[in-house]
2 protein chains.
Amino acid sequence: MSTISVDCVIFGFDQNQLKVLLAERWIKDQEGNLLDKDYTLTGYHIYQDEDLDSAAHRIVEDITGLEGLHFEQFYSFGDLNRLQKEKDQRWLKQFGDVFSERVISVAYYSLLPSTKIQILDKDRNIEWFPVYEIENLAYDHHKILDKAIKHLRYRLSHEPIAFDLLPKKFTISQMYKLYESIYNTKYDKRNFRRKVSQMKFVVPLDEYQSAVANKPAQLYMFSRDVYEATKKDHHGFFFNY
Amino acid sequence: MSTISVDCVIFGFDQNQLKVLLAERWIKDQEGNLLDKDYTLTGYHIYQDEDLDSAAHRIVEDITGLEGLHFEQFYSFGDLNRLQKEKDQRWLKQFGDVFSERVISVAYYSLLPSTKIQILDKDRNIEWFPVYEIENLAYDHHKILDKAIKHLRYRLSHEPIAFDLLPKKFTISQMYKLYESIYNTKYDKRNFRRKVSQMKFVVPLDEYQSAVANKPAQLYMFSRDVYEATKKDHHGFFFNY
DNA sequence: ACAAAAGTGTTCGATATACACCCATGA
DNA sequence: TCATGGGTGTATATCGAACACTTTTGT
């Protein structure tokens, strides 16, 4: 018998950076003096009458209010010592017995089309952080985050999930910056554009950016219809890295 | 509070076929009449004082007696109805209350260098089955098997784990048949050989097959030393599929 | 006029694919 | 001598990588 929790790595893309939602955690001693401040991924234990996937959806919905996002379970974490660091134990004590025994976390990530959302959970201080600048995570959450990024990279090279992180209508530049940010690398602008222009399911629109202080970029959209219809041609998606 | 079990998909390679270890299950009614016969993956619930990885190792060790195999956790299965088919319930009843509530399975696969091993678990009838001919699996075990194969394919294209399924000294043909069998496809013999001959870490030996009724094949071995030393050249492993 | 991002083609090397015959051995 | 699987080379098409300048807009 063990306690099961679901942890969600919620990714967003904003200002050319891949970001993650983190909740603040203030560690205090008995007298209420601040000992440490760090961050956790968003998670919660599962209810007895819900599937693992449903729990992940519930957790993200409670925070963002958004439904129908892209979800992916990527790993489960169950080492005996994963909650045993001193500050973690100090923190967990306040919740009583629930976490006194081992906790196994089934980890999911989800993709948010915008970081400009209302955070509904007002009890906790939850904010966006650029993934490559994150330190000071609680428990084994840095390990979880690392695995999430690796899995996201894999999936992104096989399936058209980048568009779940972009607005409905986006520019090639946004897409290009998103890929750079997820793979934490640089691409050649012209080669990237050529590659995208071969993807029939990235459809150019007769719309352009407005009110920008430079040449307005053309807008594109992702068509799942076209993607499905041409699947046999592109053997999946395949954007190498 | 939930029960956690670990299920292991144990892969082996024999007679040019990818195989999996399955345990027989005889479903009987109260009078002992045989109602159904099917198969399960090998699994067991975790002990309170062991990591998930350790449980997977223990399970495989109890069956095969082998240590130090390649292991990989690939997914967790926790749907509410995963054990609720009638024949599954009938089967589980004999074990009392342990499985009356939900069971979450953390699934691993492991790679065996040979199918010619002693099966140590004499209580159950455990045997090898060709992966592409398997039907009639209990619970959601077919779903688990499918995910395992997909994950194995992915991993195989990024890391040199094929050699964990081959004898220490192997022929290029064996390797080639192994890849065909895992990806369930056909390769061009010459192109495959060329590709392998570019892999510095697949080292030709001055040994040949003996007692075969045809031209004896040269033997090769995998060198992890060379693999690690040349990692930067091959950006991982990369055998496309 | 200038700053800032959009958009555009070509060359070169590497890699994937397709394809057919001779060789060494045991039976 | 025959059956069986081992082993070899070339030509073509495709793809990835490198690289610099002009365009359009707002200020």
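Convention: sequence-line order gives letters A, B, ...; per-chain numbering from 1. Since the structure is predicted, the reported quantities are computational estimates derived from the model, not experimental observations.
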### Message
I'd like to know if B/Asn191 reaches the base of C/dA18 with its side chain such that a donor and an acceptor end up less than 3.5 angstrom apart.
### Response
yes
### Rounded distance (nearest 0.5 Å) linking atom CG of B/Leu165 with atom CE of B/Met175
11.5 Å
### Task
Report yes if a side-chain nitrogen or oxygen of B/Ser173 is closer than 4.0 Å to either non-bridging phosphate oxygen (OP1 or OP2) of D/dG6; otherwise report no.
yes
### Task
To the nearest Å, give me how far apart OH (A/Tyr183) and P (D/dG16) are.
13 Å
#### Entry: Rounded distance in Å - OH (B/Tyr176) to C1' (D/dG5)
11 Å
### Task
Indicate whether the side chain of B/Ser105 and that of B/Arg82 have a donor and an acceptor atom separated by less than 3.5 Å.
yes
### Query
Looking at A/Glu180 and A/Lys177, does any basic side-chain N land under 4.0 Å from a carboxylate oxygen?
no
### Task
Measure the distance from CZ on A/Phe192 to P on D/dA17 and round it to the nearest whole Å.
13 Å
### Task
Select from B/Gln218 and A/Arg190 the residue whose nearest nucleotide in DNA chain D is closer to the 5' end of that strand.
B/Gln218
### Query
Rounded to the nearest Å, what distance is computed from the NZ atom of residue B/Lys215 to the C1' atom of nucleotide D/dG6?
5 Å
### Query
Quick one: B/Tyr220 OH to D/dG6 P, roughly how many Å, whole number?
11 Å
### Query
Between A/Tyr187 and A/Tyr176, does the ring centre distance come in under 6.0 Å?
no
### Message
Using heavy-atom distances to pick each residue's nearest nucleotide on DNA chain C, tell me which of A/Ala213 and A/Ile172 is more 5'.
### Response
A/Ala213
### Query
Within the distance-only criterion (no hydrogens, no angle test), does the side chain of B/Glu61 pair as donor or acceptor with the backbone N or O of B/Glu67 below 3.5 angstrom?
no
#### Entry: A/Tyr208 OH - D/dT23 P separation (whole Å)
16 Å
### Message
Please pick, from C/dA6, C/dA24, C/dC19, the nucleotide with the shortest atom-to-atom distance to any side-chain atom of A/Lys189.
### Response
C/dA6
### Task
For B/Gln209, report the nucleic acid contact type (base, sugar-phosphate, nothing); a contact means any heavy atom under 4.0 Å.
nothing
### Message
Before we go on, tell me: are the rings of A/Phe222 and A/Phe170 under 6.0 Å apart, centre to centre?
### Response
no
### Message
With the threshold set at under 4.0 Å for non-hydrogen atoms, list the residues of residues 193-202 of chain A touching DNA chain C in residue-number order.
### Response
A/Arg193, A/Arg194
### Task
Verify, without hydrogens or angle tests, whether A/Tyr39 (side chain) and A/Asn136 (backbone) share a donor-acceptor contact under 3.5 angstrom.
no
### Query
Which whole-number value in Å describes the distance from B/Leu205 CG to D/dG6 P?
16 Å
### Summary
From CG of A/Asp188 across to C1' of C/dT10 the rounded distance in Å is 12 Å
